[in-house]
Amino acid sequence: MRSVRSLLALALAALLVATLSTPARAGHQSPVGTVVSLGTPLSDVLLIGGTVAPGPNGRTAIWNVSTGSPAYLNAVDPATGDSLLSLALPGASGSYAVAATPDGTIYVGTYNNGHLYRLRPGGSVEDLGRPIASETFIWRITTDEQGNVYGGTFPNGKVFRYDDQTGAIRDYGTALAGQTYVKSIDYAGGKVYAGTMPDAHIVELDVATGAKTEVPSPPGLGDPSDKVVYDLNTRGGRVYARISTAFPGPLYVWDIASRTWVDEIPNAHGLDISPLGADGTLYLIQSSELKKYDPATKTLTGTGLTFTGRIQNARSIGYADLNLPDYPGTSVVGTLWRGEEFRYNPQTGKSEIFQTKVRREPIEILSVAGGKDNIYAGGFLNGGVSVVDPTTGEAKFNRFSQVEALLEGSDGTVWVGAYPEARLYSYDPAKPWSSPEYSPGPPGTPDNPKQLLNLKPDIFQTRARALTEVDGKIAIGTVPDGDRLGGALVIYDPLTNTAEKYRNVVQDESVFGLTSHGGIVYGGTSIAGGLSTTPPTRTAGTVFAWDVANKKKLWETVPVPGRATVSAVTIGPDGLLWGVAGKTVFAVAPDSGKLKKSFTLGTTNSSGDIVATPEAVYVSIDLNKIYRIGPGQKAVPTLFVEQAHRRLGVRGDHQLLLTSGSELFRVDISR
């Protein structure tokens with residue numbers, strides 16, 4: 001027979017396993033988490049991919065894909081802005097790539113799933129699947145005279161052809177060795193022209209033979225590395241290639257017949273230019289104005305239609321007969337990213353910009369923070385900041401940039417870390433919102449939020465990924481821009497409006513998480529770079545300590561060897577520095593970085609969050625579980641809540657915050 005001692009040991013072991021694998025229950029004074037949905041605080045219109053082509057009623061329509069879960073293919077009446085149709089694209093999140101064939105068939109290439117969709121005139125949307133199994137993002141598509149579709153992809157920078165009649169797919173392979181993105185593409189005369197990223201190259205592809213020839217760089221471009229062929233159009237025997245970003249840059253003109261660069265148009269906006277009109281001219285947005293460009297004389301003529309805001313890009317731009325009194329004959333029409341339509345009539349000079357009736361879609365929450373009175377939620381891609389009532393879920397949405405991080409400071413100021421260009425803003429929620437870049441208030445309204453930092457020009461950063469307050473200053477952790485390694489720690493002083501910038505605070509690593517205590521900033525880092533295309537030089541993420549007053553790093557350590565990212569850190573009620581690296585939660589001594597505790601809890605290496613209340617540490621594992629770790633040397637993690645989520649935050653002493661897609665939850669902690 002087994003001894004009493006053996007049976008007791010087995011019972012204790014079983015109890016420990018049960019504690020680690022089941023949610024905490026109300027007995028024995030165990031805290032209980034009550035999950036409450038607060039709804040979807042962010043919603044807006046984001047139209048990136050589009051074209052102008054015959055609509056479902058046979059008349060010209062503006063086609064777009066609106067970003068969402070799922071994305072929707074929309075046709076808009078250019079005369080009224082009304083929605084003519086809105087069809088779901090199941091499995092897709094959005095699209096940069098919409099094109100029409102000569103017979104009016106609409107094709108869409110999507111991202112996240114990398115599928116191709118088709119809408120025949122009078123038909124329904126067909127999901128044609130992923131053209132190339134290895135490619136998850138179709139950046140751009142174009143069509144030829146027969147209606148065949150050509151696309152450019154990520155992550156292997158490939159070009160493919162889809163046969164409109166047979167469905168056969170031809171994989172032309174990687175456009176240029178070392179280039180992981182075909183960011184832009186168009187077709188002309190049996191050739192496809194593909195623009196690459198992370199470096200700016202243009203490849204001419206013979207669609208019959210598959211032969212590839214690199215087009216020489218434009219004069220004066222310099223080193224093509226860390227530049228992007230963001231947009232590319234073929235018009236009238238010429239290739240128009242904009243080598244820039246989402247913001248204005250030079251548009252170079254390549255003559256296909258003479259194989260020479262013949263013009264450079266400065267300060268051109270994306271994403272497309274119009275087709276050639278009947279008189280051989282075309283239209284584009286340049287220096288914040290719609291302008292007519294004459295390829296024969298290389299001259300630009302203003303139309304008087306001007307654009308404001310940070311992003312002034314149009315992919316859907318073409319011509320339509322509007323049959324309106326002020327718009328006789330053919331007018332120029334198009335849509336901007338946020339759902340506005342613009343139009344201009346060359347005969348009367350009449351122009352306007354107005355909001356279309358494309359419906360708003362929920363926005364995935366990228367960042368969340370608790371405040372004294374509010375919850376703050378920031379949006380992915382479409383962006384936006386919502387101020388949310390923690391009791392009712394009532395949300396006030398403000399159109400803004402993609403928001404990487406949010407923090408309510410000790411004085412009630414809300415700090416916003418934005419993408420791109422790793423910008424820092426201060427926002428006073430007690431005053432009217434007015435963003436001159438995205439959503440301006442009435443004339444004369446002070447900027448709120450106010451831009452304080454742009455970390456791209458001097459230290460080459462793109463994401464303000466983490467924020468923490470330290471002795472009245474704001475510490476920012478960043479991810480670098482483009483195809484490079486090396487994030488930064490930046491200490492911003494609101495009193496002096498100055499910033500100390502420390503690039504490569506951990507060599508070749510990005511700063512993903514921050515916390516602070518006693519004048520020291522603690523960070524978690526990742527071996528990944530800006531585009532995750534440059535091979536890392538290191539094998540594991542670190543934690544580090546930075547003395548703000550003395551402006552020096554105190555220590556740096558690898559808490560979980562082989563784990564690429566320490567995604568979040570916090571100071572626990574036990575005084576230890578806690579962090580999470582994939583499926584492992586750990587604690588180190590804040591004065592030395594010496595490892596004190598480590599628990600492997602998950603099965604995946606998904607990047608989780610970690611937060612603390614005065615009573616416990618809470619950690620996100622596998623993006624579907626929250627574990628609680630109480631104070632004390634013998635404390636072990638116990639499963640607290642099972643709920644699919646992306647981000648974990650905290651508000652006050654007894655409330656956690658979770659996000660799942662576009663939905664926000666609060667978790668009330670009670671006994």
Side-chain angles (χ1 to χ4, degrees), residues 48-56 58 60-65 73-75 87 89 92 95-111 114-123 125-132 135 137-153 158-172 175 182-195 202-208 210 231-241 256 271-276 282 314-320 334:
I48 301 180
T51 191
V52 177
T60 301
I62 304 175
W63 292 88
N64 288 106
V65 172
L73 174 63
N74 304 280
L87 302 174
L89 303 175
S95 171
Y96 283 72
V98 181
T101 66
D103 70 355
T105 296
I106 302 297
Y107 279 91
V108 180
T110 59
Y111 57 78
H115 281 210
L116 194 64
Y117 297 80
R118 178 171 62 195
L119 178 65
R120 298 283 196 196
V125 169
E126 304 170 77
D127 184 350
L128 303 175
R130 184 179 290 183
I132 304 178
E135 306 305 283
F137 201 130
I138 299 177
W139 271 104
R140 186 72 192 274
I141 61 173
T142 186
T143 62
D144 65 15
E145 300 90 346
Q146 291 75 42
N148 299 312
V149 179
Y150 301 86
T153 72
K158 291 192 171 191
V159 174
F160 70 86
R161 180 177 68 193
Y162 178 86
D163 190 302
D164 179 62
Q165 297 301 313
T166 68
I169 295 168
R170 181 171 181 180
D171 181 353
Y172 290 100
V182 169
K183 187 75 166 59
S184 52
I185 197 169
D186 210 351
Y187 170 89
K191 305 289 177 61
V192 160
Y193 296 86
I202 299 172
V203 176
E204 182 185 72
L205 167 69
D206 187 306
V207 301
D231 313 313
L232 187 151
N233 299 108
T234 58
R235 302 285 189 264
R238 292 182 173 179
V239 177
Y240 294 79
I256 296 174
L271 296 167
D272 274 340
I273 61 178
S274 78
L276 293 180
L282 56 83
R315 175 142 284 168
S316 302
I317 179 170
Y319 306 99

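- Between the side chain of Trp63 and the backbone N or O of Pro54 there is at least one donor-acceptor pair closer than 3.5 Å.
- Under the side-chain hydrogen bond (donor to acceptor under 3.5 Å, both in side chains) rule, Tyr150 has a single partner from Asp144, Thr143, Thr142, which is Asp144.
- Between Ile141 and Ala97, the shortest heavy-atom contact is N-CB, 3.6 Å.
- Looking at Tyr162 and Pro131, their side chains never come closer than 4.5 Å, going by heavy atoms from C-beta outward.
- Looking only at side-chain heavy atoms (C-beta outward), Ile256 and Tyr193 come within less than 4.5 Å of each other.
- Taking CG of Leu205 as the reference point, atom CZ of Arg161 lies at 9.5 Å (rounded to 0.5 Å).
- From Ile62, atom CD1 reaches atom CZ of Arg315 across 15.0 Å, with rounding to the nearest 0.5 Å.
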Quiz item: When you look at Tyr172 and Val203, which way does the side chain to side chain contact (heavy atoms under 4.5 Å, CB included) test go after all the steps?
Solution: CA-CA 12 Å; Tyr172 290 100; Val203 176; over 6 Å; no

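- Between Ala175 and Val159, the shortest heavy-atom contact is CB-CG2, 4.3 Å.
- Ring geometry for Phe137 versus Tyr96: interplanar angle of 30 to 60°, hence tilted.
- Using a cutoff of 4.0 Å between basic side-chain nitrogens and carboxylate oxygens, Arg235 and Asp272 are not scored as salt-bridged.
- Considering Ile202, Ile185, Leu271, Val182 in turn, Ile202 is the only one that fulfils the side-chain contact (heavy atoms from CB on, under 4.5 Å) rule with Leu232.
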Quiz prompt | Worked check of side chain to side chain contact (heavy atoms under 4.5 Å, CB included) between Val52 and Tyr319 | solution = CA-CA 7 Å; Val52 177; Tyr319 306 99; over 6 Å; no

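- Test Ile48, Thr110, Ile106 against Val98 for side-chain contact (heavy atoms from CB on, under 4.5 Å) and you get one pass: Ile106.
- Side-chain atoms of Asp164 and Tyr107 form a donor-acceptor pair, as typed in the model, at a separation below 3.5 Å.
- Interatomic distance, CZ of Arg118 versus CG of Asp127, reported as 11.0 Å (0.5 Å rounding).
- Rounding to the nearest 0.5 angstrom, the gap separating the CZ atom in Arg130 from the CD1 atom in Ile138 is 9.0 Å.
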Practice problem: Report the C-alpha distance between Leu89 and Val125 in whole Å, list the side-chain angles of each, state the deciding distance to 0.1 Å, and finish with yes or no for side chain to side chain contact (heavy atoms under 4.5 Å, CB included). | Solution: CA-CA 7 Å; Leu89 303 175; Val125 169; 3.7 Å; yes

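- Between the Thr234 side chain and the Tyr187 main chain, a donor and an acceptor come within less than 3.5 Å of each other.
- Going from atom CG of Asn148 over to atom OG1 of Thr166 covers 8.0 Å, rounded to the nearest 0.5 Å.
- When every heavy atom of Ala75 is checked against every heavy atom of Ala61, the shortest pair comes out as CB-CB, 4.3 Å.
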Exercise. Let me see the working for Arg120 and Asp103 under side chain to side chain contact (heavy atoms under 4.5 Å, CB included), right down to the final yes or no.
Key: CA-CA 9 Å; Arg120 298 283 196 196; Asp103 70 355; 4.0 Å; yes

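- Ser274 OG to Leu282 CG: the interatomic distance, rounded to the nearest 0.5 Å, is 5.0 Å.
- Closest approach of Pro275 and Gly318 over heavy atoms only: CD-CA, 4.1 Å.
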